[in-house]
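My structure is below; once you've seen it, I'll send some questions.
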2 protein chains.
Amino acid sequence: MPLTDSPPSPTNRAELRRKAFLQAAREVFLEQGYEAANMSEIVRRAGGSLTTLYNQFGDKKGIFLATLDESLSEITHAMEVESQSHAPARDGLTRIGIQFVSQLTRPDSLETYRLIVGLARQFPDVAKSFSEKGPDKVRAALASYLMDREEAGEISAENPTQLASLFLDMVRMGLQSRALLDSDFRPTQEEVEATVSRAVDIFLNGVATRPL
Amino acid sequence: MPLTDSPPSPTNRAELRRKAFLQAAREVFLEQGYEAANMSEIVRRAGGSLTTLYNQFGDKKGIFLATLDESLSEITHAMEVESQSHAPARDGLTRIGIQFVSQLTRPDSLETYRLIVGLARQFPDVAKSFSEKGPDKVRAALASYLMDREEAGEISAENPTQLASLFLDMVRMGLQSRALLDSDFRPTQEEVEATVSRAVDIFLNGVATRPL
DNA sequence: ATTCTTGGGTAATGATCATTACGTTCGGGT
DNA sequence: ACCCGAACGTAATGATCATTACCCAAGAAT
């Protein structure tokens, strides 16, 4: 287990190696997938040697989990929703939606998600930890914002968590599911905004021309 | 290319073999994933021999594509949406939604989807063909139903296709995304109905207590 | 300077398959 | 009963790795 204290000037050699390995491994896993990824390729890109790689991470699964951890914390961190806001519903939802979708359709978020979904059977713990750190957190944050808006009398939110899920799925999946299946597709900022704005419309007011 | 005519009584031997291979291959691919799937294991389960397997399908990718085709047509066929219906919006949407979600959360639909998503980078053509045969078809069917409902004056549907996507994503993803990450999760009929009914409510009337 | 530890480079080692080759057997058409 | 092509079963063949062994260099500590 790496200690955080190190001699002042000569920055921990091992630490540098580790960073380089993680960076390279992440590239390789995202590009090739878990099975197809080649340990030697990682070393080729990171420099260093197979020996060191194995000493630091144990085995292939070990280094894979380590890279996932890094990717996850990066993604989920960038998603710390601004749900403390007391902005009016339309504004707040739009802002949150755009933030959320932009984050999820970044190429490496997508690739990471592909990996996790593909391996959910093999590594259930990874998938679970992802759910908790990512989706669950965002949903909870949005739910609390919705409750705030209900108190303001703008909306009716009996079941805020379920409602939050519905909204997130709505803004998210149009673009994400397309992107998941077509790895060349990358939505523009305008597309993101248009999708979100349409979703917010429907979420708030529905499509009925009269109560149905 | 296999001809469809065969001697009346002695049902085409090759045809039987083919069915058995496809069935076994599908099991193996869904259980193990593409890379990990073992050709000999397929033969072990199907009976017959490696030689015959290769003669019928060419190579591993070939038999994989063949099984995918079968899975897809099975799924989409079962979903030949009752979009010809002229039922009132709430009824029609509810029925379509339930049908759709039940279908997609079946274990082998989920596993098939996992496989395709995981391989989208490696075999873009597979992912594309899946999109066309599956999602695109369903979306189009729903869009036409929405237009019908617009003519009936029940809803306003400027952009029916986009609207269809939003609705489908809404009903679908709550359960599907949970199931994708947790391979043990299987929604009950009640959960499906509750989710869909809530989604239909919001889709039709929104959550706003007054126009926003 | 010398030992000691850790990382580097290269080449085993051992598995695990996809894919093919080969000699045998079987069914059914004559 | 005889023949032919299609299946069988088994065992190559050849790749491709994960993982390990070995031996050498360099830096730190003594």
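Quick note: numbers below take in every heavy atom, side chains included, and nothing from hydrogens, waters or symmetry partners. Convention: sequence-line order gives letters A, B, ...; per-chain numbering from 1.
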Could you tell me whether the side chain of B/Pro160 reaches within less than 4.5 Å of the side chain of B/Tyr145, counting heavy atoms only? no

Quick one: what's the B/S/- string for nucleotides 12-18 of chain D, heavy-atom cutoff under 4.0 Å, read 5' to 3'? -----SS

Quick one, B/Thr105 and B/Phe185 - any side-chain contact, counting heavy atoms below 4.5 Å?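 Not in contact.
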
Terminal axes of the helix from C/dA1-D/dT30 to C/dT30-D/dA1 (five pairs each): angle between them, nearest 10 degrees: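 Overall, the helix from C/dA1-D/dT30 to C/dT30-D/dA1 bends by 10° from one end axis to the other.
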
Are any of the side-chain heavy atoms of B/Leu180 and A/Tyr113 separated by less than 4.5 Å?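 B/Leu180 vs A/Tyr113: side chains touch.
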
Side-chain contact check for B/Leu50: nearest option of D/dG9, C/dT19, C/dG9 is C/dT19

So how far is it from A/Leu119 CG to A/Tyr34 OH, rounded to the nearest 0.5 Å?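 Interatomic distance, A/Leu119 CG to A/Tyr34 OH, rounded to 0.5 Å: 8.0 Å.
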
Near A/Arg178 CZ, under 6.0 Å, is it more than 12 heavy atoms from other residues, nucleotides or ligands? no

Give A/Gly47 one of three labels, base, sugar-phosphate or nothing, depending on what nucleic acid heavy atoms sit under 4.0 Å from its own. nothing

Length of the CG-C1' vector between A/Leu53 and C/dG8, whole Å: 13 Å

Whole-Å gap separating C1' (D/dT19) and CD1 (A/Ile63): 14 Å

When all nucleic acid strands are considered with a 4.0 Å heavy-atom cut-off, which category describes A/Thr51: base, sugar-phosphate, or nothing?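 The residue A/Thr51 makes base contact.
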
Whole-Å distance between D/dA7 P and B/Arg18 CZ?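 To the nearest whole Å, that distance equals 13 Å.
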
Quick one: is A/Arg17 getting a side-chain N or O under 4.0 Å of the C/dT6 phosphate, OP1 or OP2? no

After noting the C-alpha distance and the side-chain angles of B/Thr112 and B/Phe29, does the key distance pass the side-chain contact (heavy atoms from CB on, under 4.5 Å) rule? CA-CA 9 Å; B/Thr112 304; B/Phe29 281 124; over 6 Å; no

Distance in Å, B/Leu93 CG paired with B/Ile98 CD1, rounded so as to fall on 0.5 Å steps: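 Rounded to the nearest 0.5 Å, the CG-CD1 separation comes to 11.0 Å.
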
